[in-house]
Amino acid sequence: MLNEAVKELLNVQVNKEFYSAYLYLDFSNFYEAKGLDGFASWYKIQAQEERDHAMLFYQYLHNNGVQVIFEAIEKPNVPLENLMDVLKAGLQHEQYVTSLIYHIYAAAQEAKDFRTTQFLDWFVKEQGEEEKNAQDLINKMEMFGNDPRSLYLLNEELKTRVYAAPSLVL
């Protein structure tokens with residue numbers, strides 16, 4: 001039986017993960033309009049990851065006898081003026097999601113809900129990877145983004161990313 005506070009936080013996280021997918025689709029949309037299909041593809045894959053994260057939380061709740069309550073997904077409202085704005089907003093968003101995961105983890109620890117902390121261990125590791133990936137993109141853009149040829153090559157590199165579904169066992 002899940003602790004009430006933990007159940008609520010997990011349910012909220014389902015909705016936050018779906019918002020993340022919307023946000024990354026908005027980023028993809030921005031890059032498509034700029035003709036940077038590699039960047040657009042990278043963020044489409046990010047959106048797929050976020051949808052899958054939402055579904056992992058969804059399934060975990062159902063596996064524990066909790067019905068998910070879906071809320072309206074907020075429209076992304078991040079000002080996107082230049083290529084770097086998107087990347088910095090992506091890093092900031094990943095840091096925010098990390099803080100949400102940590103908050104749920106702390107609540108589960110306080111409730112001595114070891115099953116949920118074990119479930120969340122994967123997300124803690126995943127968020128470390130997400131933040132690193134976002135920072136790496138910023139670093140690459142800072143090094144190469146002002147040179148059109150280098151930007152082209154970076155865009156081509158980002159096209160090579162393929163989606164791999166998470167292998168978390170619930």
(message) Checking Asn133 against Trp42 for the side-chain contact (heavy atoms from CB on, under 4.5 Å) test, could you report, in this order, the C-alpha distance in whole Å, the side-chain angles of both residues, the deciding distance, and whether it holds?
(response) CA-CA 11 Å; Asn133 290 339; Trp42 199 91; 4.2 Å; yes
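- The list of salt bridge (charged side-chain N to carboxylate O under 4.0 Å, His left out) pairs with a residue in residues 66-89, not counting sequence neighbours, is empty.
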(request) Could you walk me through whether Trp122 and His53 pass the side-chain contact (heavy atoms from CB on, under 4.5 Å) test, one step at a time? (result) CA-CA 11 Å; Trp122 183 87; His53 293 170; 3.7 Å; yes
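- By the side chain to side chain donor-acceptor pair (under 3.5 Å) test, Asn15 pairs with no residue at all, sequence neighbours left out.
- Both Leu80 and Ile138 are part of a single hydrophobic cluster, where members link through side-chain heavy atoms under 4.5 Å apart.
- In this structure, CG on Leu87 lies 9.0 Å from CG on Asn82, to the nearest 0.5 angstrom.
- Put simply, the side chain of Thr117 gets close to the backbone of Phe114: a donor and an acceptor are under 3.5 Å apart.
- By the 4.5 Å heavy-atom criterion applied to side chains, Leu83 and Phe30 are counted as neighbours.
- Under a hydrophobic-cluster definition in which Ile, Leu, Val, Met, Phe, Trp and Tyr are linked whenever side-chain heavy atoms come within less than 4.5 Å, directly or via other members, Leu25 and Leu23 are assigned to different clusters.
- A donor-acceptor pair under 3.5 Å links the side-chain atoms of Asn3 to the main chain of Ala5, judged by distance alone.
- Applying the ring-ring contact (aromatic ring centres under 6.0 Å, His included) rule to Tyr58 yields the partners His62; only residues at least two apart in sequence or on another chain are considered.
- In this structure, the side chain of Asp26 does not engage the main chain of Tyr22 through any donor-acceptor pair within 3.5 Å.
- Shown here are the salt bridge (Lys or Arg N to Asp or Glu O under 4.0 Å) partners of Lys7, two or more places apart in sequence or in another chain: Glu4.
- Going from atom CD of Glu49 over to atom CD of Glu126 covers 5.5 Å, rounded to the nearest 0.5 Å.
- A search for salt bridge (Lys or Arg N to Asp or Glu O under 4.0 Å) contacts involving Asp147 returns nothing, not counting sequence neighbours.
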Under 3.5 Å, which donor-acceptor pairs link side chains of residues 90-101 to any protein atom two or more places apart or in another chain?
| unit_1 | atom_1 | unit_2 | atom_2 | d |
| --- | --- | --- | --- | --- |
| His93 | NE2 | Ser20 | OG | 2.7 |
| Glu94 | OE1 | Gln127 | NE2 | 3.0 |
| Glu94 | OE2 | Tyr24 | OH | 2.5 |
| Tyr96 | OH | Lys16 | NZ | 3.0 |
| Thr98 | OG1 | Glu94 | O | 2.9 |
| Thr98 | OG1 | Gln127 | NE2 | 3.1 |
| Thr98 | OG1 | Glu131 | OE2 | 2.5 |
| Ser99 | OG | Tyr96 | O | 2.6 |

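- By the salt bridge (Lys or Arg N to Asp or Glu O under 4.0 Å) test, Glu32 pairs with Lys44, sequence neighbours left out.
- Listed by chain and number, the residues in a salt bridge (Lys or Arg N to Asp or Glu O under 4.0 Å) with Lys125 are Glu129 (sequence neighbours excluded).
- The aromatic rings of Tyr43 and Phe27 sit perpendicular to each other, their planes meeting at more than 60°, with 30° as the lower class boundary.
- A chain of hydrophobic side-chain contacts below 4.5 Å, direct or via other Ile, Leu, Val, Met, Phe, Trp or Tyr residues, connects Val6 to Val124.
- A side-chain donor-acceptor contact under 3.5 Å links Tyr60 to the backbone of Thr116.
- A heavy-atom distance below 4.5 Å is found between the side chains of Glu142 and Met84.
- In the hydrophobic clustering, where aliphatic and aromatic side chains (Ile, Leu, Val, Met, Phe, Trp, Tyr) are joined below 4.5 Å either directly or transitively, Phe144 groups with Met143.
- Linking Ile, Leu, Val, Met, Phe, Trp and Tyr whenever their side-chain heavy atoms come within less than 4.5 Å puts Val68 and Phe18 in one cluster.
- Crowding of Lys34 atom NZ: a count of heavy atoms from other residues, nucleotides or ligands under 6.0 Å not exceeding 12.
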(request) Might you work through the side-chain contact (heavy atoms from CB on, under 4.5 Å) test for His103 and Gln13, ending with a clear yes or no? (result) CA-CA 11 Å; His103 184 67; Gln13 192 63 30; over 6 Å; no
(request) Go through the steps to decide whether Leu151 and Phe39 satisfy the test side-chain contact (heavy atoms from CB on, under 4.5 Å), and finish with yes or no. (result) CA-CA 10 Å; Leu151 180 60; Phe39 283 82; 3.9 Å; yes
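- Residue Leu61 holds its CG atom at 10.0 Å from CD1 of Ile69, rounded to the nearest 0.5 Å.
- Closest approach of Leu9 and Ala107 over heavy atoms only: CD1-CB, 3.6 Å.
- The two atoms that bring Ala40 and Ser28 nearest to each other are O-OG, 2.8 Å, heavy atoms only.
- Here the side chains of Leu154 and Leu36 are not in contact, with every heavy-atom distance at 4.5 Å or above.
- Under the 4.5 angstrom side-chain criterion for Ile, Leu, Val, Met, Phe, Trp and Tyr, the cluster partners of Tyr152 are Leu153.
- Residues Leu120 and Met55 share a single hydrophobic cluster, defined by chaining ILVMFWY side chains whose heavy atoms lie under 4.5 Å apart.
- Pairs of residues two or more places apart, or lying in two chains, never qualify as salt bridge (charged side-chain N to carboxylate O under 4.0 Å, His left out) while including a residue from residues 108-118.
- In this view, Glu157 and Lys140 satisfy the side chain to side chain donor-acceptor pair (under 3.5 Å) rule, not counting sequence neighbours.
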